[in-house]
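Only this structure's heavy atoms are used, side chains among them; waters, hydrogens and symmetry mates stay out.
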Amino acid sequence: MKKSVLHTADSRGHANHGWLNAYHSFSFASWYNPDRVQFGMLRVLNDDTVAAGMGFGTHPHDNMEIITIPLEGDLAHKDSMGNAATIKTGDVQVMSAGTGIQHSEFNPNADQQTKLFQIWLFPKYRNVEPRYQQITLDVTEQKNNFAQILSPNPDDAGVWIHQDAWFYLSDFDADFSKKLALQKEGNGFYIMTIEGEIEVNGEQLSKRDALGIWDTPEIDIKATTAAKFLVMEIPMEQ
């Protein structure tokens with residue numbers, strides 16, 4: 001029997017710090033919900049808006065796979081591995097924090113806010129050597145398709161991480177539908193609507209609603225309006 005959990009947009013944690021307006025799908029910082037700590041190996045899904053010229057000062061991470069997907073504007077990154085880069089809308093960035101890194105992120109634009117998803121997954125292996133990767137996606141591949149942007153395999157499309165997870169970005173026309181099968185038995189799906197409205201296995205999702213589904217080999221997604229969304233296939237157990 002299919003199992004699922006619906007996380008509506010208005011059920012998320014919310015913290016507006018002025019320079020940062022953040023919505024948390026899972027317990028984070030001062031927001032704690034015992035029923036919303038993680039979905040399988042997915043620990044954090046933050047929907048952040050960073051004000052012009054503002055950002056996160058240098059801070060540490062370890063033993064976490066950190067994925068950043070800009071949705072609007074740019075994000076400048078510096079880290080203790082010597083990387084200094086700016087990611088833009090249409091890019092995806094990953095860091096394997098492993099044995100430990102420090103990094104900072106800020107909006108380099110004086111006249112434009114930056115919107116992004118930051119996602120943390122527990123890694124398959126602890127204390128790996130830290131690594132950084134960013135790529136620019138071909139957004140045309142997302143039209144009426146599940147465009148793979150992340151996998152466990154360095155030779156596959158998208159970036160790679162130390163976990164048996166696969167991420168897809170999609171941009172569906174209204175009334176278009178398509179099925180997506182699991183890559184690995186025992187994994188689950190977590191779907192976040194970015195824009196528009198979709199139906200996932202009959203469950204209606206509006207902008208920033210999310211649905212977790214497990215114990216099912218595939219999902220069927222139909223766009224009820226023109227819609228953009230993120231699909232994450234996540235290990236449910238380590």
### Query
Within a strict 4.5 Å, meaning less than it, do heavy atoms of the I221 and L180 side chains meet?
no

### Message
Taking the side chain as everything from C-beta on, heavy atoms only, tell me whether N145 gets closer than 4.5 Å to K178.
### Response
yes

### Task
State the CG-OG distance between D62 and S96, to the nearest 0.5 angstrom.
12.5 Å

### Query
Who are the side chain to side chain contact (heavy atoms under 4.5 Å, CB included) partners of N127, not counting sequence neighbours?
N63, T99

### Query
What are the two closest non-hydrogen atoms of Q163 and P123, and how far apart are they?
NE2-C, 3.5 Å

### Query
So, N83 side chain and K78 main chain: donor-acceptor pair closer than 3.5 Å or not?
no

### Message
The criterion is side chain to side chain contact (heavy atoms under 4.5 Å, CB included); which residues satisfy it with P70, sequence neighbours excluded?
### Response
I87

### Point-to-point distance, once rounded to the nearest 0.5 Å, from NZ of K3 to OG1 of T216
12.0 Å

### Message
With a 3.5 Å distance limit and no angle check, can you tell me whether N46 reaches the backbone of D48 through a side-chain donor-acceptor pair?
### Response
no

### side chain to side chain contact (heavy atoms under 4.5 Å, CB included) between L75 and H77, intermediate numbers included
CA-CA 6 Å; L75 193 70; H77 165 98; over 6 Å; no

### Query
Mind checking what makes ring pair (Phe, Tyr, Trp, His ring centres under 6.0 Å) contact with F117, not counting sequence neighbours?
none

### Task
To the nearest 0.5 Å, tell me how far F146 CZ sits from W166 CH2.
16.0 Å

### Task
Determine whether V231 and I219 make a side-chain contact, defined as any pair of heavy atoms from C-beta on separated by less than 4.5 Å.
yes

### Pairing residues for W19 by the ring pair (Phe, Tyr, Trp, His ring centres under 6.0 Å) criterion, not counting sequence neighbours
F56

#### Entry: Sequence-distant partners of V5, side chain to side chain contact (heavy atoms under 4.5 Å, CB included), two or more places apart
H7, F39, W214

### Message
So which atom in A181 and which in E218 form the shortest heavy-atom distance, rounded to 0.1 Å?
### Response
CA-CB, 3.8 Å

### Message
Do W31 and L42 land in one hydrophobic cluster if side-chain heavy atoms of ILVMFWY residues count as linked below 4.5 Å?
### Response
no

## Note on the structure
For A97 and P130, the nearest pair of non-hydrogen atoms, with its separation, is O-CG, 3.5 Å

### Query
E105 and H59: side chain to side chain contact (heavy atoms under 4.5 Å, CB included), yes or no, with the steps?
CA-CA 10 Å; E105 302 159 290; H59 57 281; 4.0 Å; yes

### Task
Report the C-alpha distance between Q118 and I66 in whole Å, list the side-chain angles of each, state the deciding distance to 0.1 Å, and finish with yes or no for side chain to side chain contact (heavy atoms under 4.5 Å, CB included).
CA-CA 7 Å; Q118 186 162 98; I66 300 169; 3.9 Å; yes

### With sequence neighbours excluded, residues passing side chain to side chain contact (heavy atoms under 4.5 Å, CB included) with A15
H17, H24

For residues 204-212, which side-chain N or O atoms pair as donor and acceptor with protein atoms under 3.5 Å away, sequence neighbours left out?
from : atom 1 : to   : atom 2 : distance (Å)
Q204 : NE2    : T224 : OG1    : 3.0
R208 : NE     : D47  : OD2    : 2.6
R208 : NH1    : I194 : O      : 2.6
D209 : OD1    : A9   : N      : 2.8
D209 : OD2    : S206 : N      : 2.9

### Task
Could you go through the side chain to side chain contact (heavy atoms under 4.5 Å, CB included) check for H103 and Y132 one step at a time?
CA-CA 11 Å; H103 78 135; Y132 176 89; over 6 Å; no

### Task
Give the other cluster members for Y23, using side-chain heavy-atom distances under 4.5 Å between Ile, Leu, Val, Met, Phe, Trp and Tyr residues; answer none if it is isolated.
none

### Task
Kindly indicate whether the side chain of H14, heavy atoms from C-beta on, has any atom under 4.5 Å from the side chain of N16.
yes

### Task
Indicate yes or no for a side-chain donor-acceptor contact from D138 to the backbone of T140 under 3.5 Å, with no hydrogens or angles considered.
yes

### Query
Judged by atom type as modelled, is there a donor-acceptor pair below 3.5 Å linking the side chain of T193 to the main-chain atoms of E195?
no

### Hydrophobic cluster identity match, V128 and I119, side-chain contacts under 4.5 Å
no

### Query
Is there a path of hydrophobic side-chain contacts, each under 4.5 Å between heavy atoms of I, L, V, M, F, W or Y residues, that connects I234 with V92?
yes

### Summary
W120 meets the ring pair (Phe, Tyr, Trp, His ring centres under 6.0 Å) criterion, sequence neighbours left out, with F28, H61

#### Entry: F106 and M54, any side-chain heavy atoms less than 4.5 Å apart
no

### Query
With side chains defined as the heavy atoms from C-beta onward, is the minimum distance between Q142 and L137 less than 4.5 Å?
yes

### Message
Which heavy atom of M232 sits nearest to which heavy atom of L45, and what is that distance?
### Response
CE-CD2, 4.0 Å

### Query
Can you tell me how far CD1 of I198 sits from OG of S177, rounded to the nearest 0.5 angstrom?
12.0 Å

### Message
For a quick test of reading the model, state the closest non-hydrogen atom pair linking S151 to Q148 and the distance between them.
### Response
CB-NE2, 3.5 Å

### Query
Any side-chain heavy-atom pair from F189 and L182 closer than 4.5 angstrom?
yes

#### Entry: Residue pairs passing the salt bridge (Lys or Arg N to Asp or Glu O under 4.0 Å) test where at least one lies in residues 143-172, sequence neighbours excluded
K124-D164, K143-D171, K143-D173, D164-K184

### Donor-acceptor contact below 3.5 Å, side chain T225 vs main chain E197
yes

### Task
For residues K88 and Q134, determine if any side-chain heavy atom of one lies less than 4.5 Å from a side-chain heavy atom of the other.
no

### Message
Check for me, please, whether M95 and W160 land in the same ILVMFWY cluster - side-chain distances under 4.5 Å, paths through other members count.
### Response
no

### Query
How does the hydrophobic cluster around Y32 look, that is, which other residues are in it when side-chain heavy atoms under 4.5 Å mark a link?
V37

### Query
To the nearest 0.5 Å, what is the distance between OG1 (T86) and CG (D74)?
6.5 Å

### Task
Spell out, yes or no, whether V139 and F167 are grouped together once hydrophobic residues are joined by side-chain heavy atoms under 4.5 Å, including indirect joins.
no

### Query
What is the minimum heavy-atom distance between R43 and Q38, and which atoms define it?
CA-CB, 4.1 Å

### Task
Just grab all the ring pair (Phe, Tyr, Trp, His ring centres under 6.0 Å) pairs involving residues 218-238, residues at least two apart or on different chains.
F172-F229

### Distance-only side-chain donor-acceptor flag, T89 / E72, under 3.5 Å
no

### Task
With rounding to the nearest 0.5 Å, note down the distance linking NZ in K115 to CD1 in I69.
15.5 Å

### Query
Would one find more than 12 heavy atoms of other residues, nucleotides or ligands at under 6.0 Å from atom CD of Q238?
yes

### Task
Examine distances only and state if a side-chain atom of N107 and a backbone atom of Q112 form a donor-acceptor pair shorter than 3.5 Å.
yes

